[in-house]
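Both ligands and their constituent atoms are indexed starting at 1 by order of listing. Numbers here simply count residues along the sequence, with the first being 1.
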Amino acid sequence: MAQTNSLRDFQMTVHSEFIKIAEELKPVLYSRELSPEAARLNGESLADFRGQSLGQGDALLLDFGCHVTGYVSFDFASQGSPPDAPALLEIKLGESQAELLQSVDSYRGNLTASWLQEERTHIDDFPSRLGLPRRYAFRYVQIRVLAISPKYRLTVEGSSVRAVSAADFATVLPLQVQDEELKRLDEAGLLTLHECMQEVFEDGPKRDRRMWLGDLYLQAKTNYAAFRQTELVKRCLYLFAGLRQNEGRIGATLFIKPKLQVDDIFLFDYALHFVNTLHEYYEETGDRATLAELYPVALRQIEIAVRRMDDGGLVQDEDSWWCFVDWGEGLNKQASAQGIFIVALRKMLNLAEVLDETSDEGKLKALLEQAANGMARLYDKEQGLFVSGAERQVSWHSQIWAVLAGLLPEDLARKLLERLPELPHAPQTPFMHHFYVEALLKAGLRQEALSHLKHYWGAMLADGSDTYGEVFNPQNPHYSPYDDKAIESRCHAWSCTPSYFIRRYFAD
Ligand code: RAM
């Protein structure tokens with residue numbers, strides 16, 4: 001498929017007054033010191049790894065006991081004759097143990113191998129301390145001795161990580177829930193969000209370590225119910241508003257380091273999630289001043305989206321990745337885009353009403369009516385389903401977004417959702433599964449929503465993970481949009497929403 005999601009003649013406009021506000025809200029990171037909780041040498045469990053000696057080819061595995069994001073260090077020493085040559089080590093860090101089996105040399109995925117958490121380093125002097133300068137996201141560390149002189153052996157006398165996050169577990173809002181399964185799901189959601197909360201809401205502390213709007217939307221929701229760091233959401237909204245693409249567009253993703261920069265990717269749905277994120281920020285905080293300042297930026301995203309609408313109110317399809325929605329081979333995004341557009345229009349109208357922008361209110365109402373007509377054109381009466389694109393594709397996504405658009409009577413919404421298991425194109429990511437749960441709740445299918453939380457997100461914890469990953473399709477667990485599971489993030493922002501659902505809908 002043509003990748004035309006990068007804007008042609010891309011230019012960034014910096015709105016320094018917004019950037020100033022955002023920078024004043026830069027969080028102070030909390031740090032905590034953690035040590036390994038378990039270790040294995042060449043696969044054998046060790047009571048204590050300290051002082052165990054390693055020779056040529058030996059591998060020491062350190063398990064820090066939980067997902068951590070931070071800066072790791074090691075204390076090395078030697079045994080035997082005075083070291084007559086440096087030791088060459090390979091250090092791999094993994095969010096899962098499976099990740100340690102992959103290596104840069106054999107990797108064949110379609111994202112660059114430089115995301116793999118792998119280092120090669122020489123140790124010249126013993127004893128010495130090695131602190132890896134790069135921030136890593138991991139639970140496991142494997143140190144393999146690639147080359148060492150036979151005259152001496154290496155020992156690891158200690159290791160620790162300075163874990164960092166903008167969120168402090170001591171500040172989490174209390175949760176009253178008896179169900180142990182829900183408690184476990186909530187804990188994993190909190191840890192996932194905690195790890196992604198750095199100087200901004202990152203999408204994943206391992207990859208991409210930057211801010212994406214779709215992810216921000218779901219992180220912000222969960223954050224309100226958990227850490228409630230509303231200022232961090234405000235900072236991120238101002239960053240997106242302060243670094244805009246051509247014609248005032250909000251980009252899909254921002255780089256934070258080495259300098260603030262909007263990427264050249266534009267996604268139809270992500271730009272509209274700016275409206276949704278601002279709307280919820282206002283609902284949660286009542287911060288009218290921020291709303292008034294960012295309102296025109298949000299409205300601009302609607303104006304740009306409207307250009308894709310034909311005379312009959314339907315968002316035009318295009319053979320490229322202009323709208324994200326979800327990963328998945330051959331998924332047509334038209335119906336989903338239509339639903340997302342309607343959701344954003346409704347929220348924009350609500351914001352116009354809050355600010356008494358009467359002339360905008362009129363325009364938005366008219367647009368909503370047109371877009372609703374457009375959505376109706378996608379309903380196939382014979383099949384009783386929404387179709388998408390020129391090929392009239394049927395997918396889960398189209399039904400879910402048709403329900404979320406809020407135009408259907410509850411019995412039709414329920415029927416659509418009950419038929420999903422028989423449809424092709426099941427969601428591939430927790431991002432889309434989030435919207436599935438939202439749709440179930442909207443259609444009054446509360447038990448189904450609860451059971452989906454337990455089955456879908458619960459399955460991600462079945463292998464001992466304590467955070468939720470980026471991609472997961474239980475019907476096809478080997479699927480990866482990157483052609484390699486090892487490059488995926490096992491702690492991914494858009495997956496943290498069980499904590500939101502549990503805290504907002506299922507607490508005792
Ligand atoms: C990937 C990441 C990110 C997501 C984008 C669309 O790079 O998973 O979280 O928002 O895709």
Seminar exercise, completed: Rounding to 0.5 Å, atoms CG (Leu408) and CG (Leu416) come to a distance of 6.0 Å

Seminar exercise, completed: When Lys206, Arg490, Arg207 are each screened for side chain to side chain donor-acceptor pair (under 3.5 Å) with Glu470, the one that passes is Arg207

For this session: Look up atom CG in Leu213 and atom CG in Leu272, then write down how far apart they are to the nearest 0.5 Å.
Result: 10.0 Å

Exercise. Measuring from each atom of ligand 1, which residues have a heavy atom under 4.0 Å away?
Worked result: Asp203, Arg207, Asp208, Trp212, Asp215, Tyr270, Phe324, Trp327, Glu470, Tyr482, His492, Trp494

For this session: Kindly state whether the ring of Phe240 and the ring of Phe274 have centres lying under 6.0 angstrom apart.
Result: no

For this session: Please say which of Phe268, Trp494, Trp212, Tyr217 ends up in a ring pair (Phe, Tyr, Trp, His ring centres under 6.0 Å) with Phe324.
Result: Trp494

Problem set entry | Heavy-atom side-chain proximity of Thr290 to Tyr282 below 4.5 angstrom | no

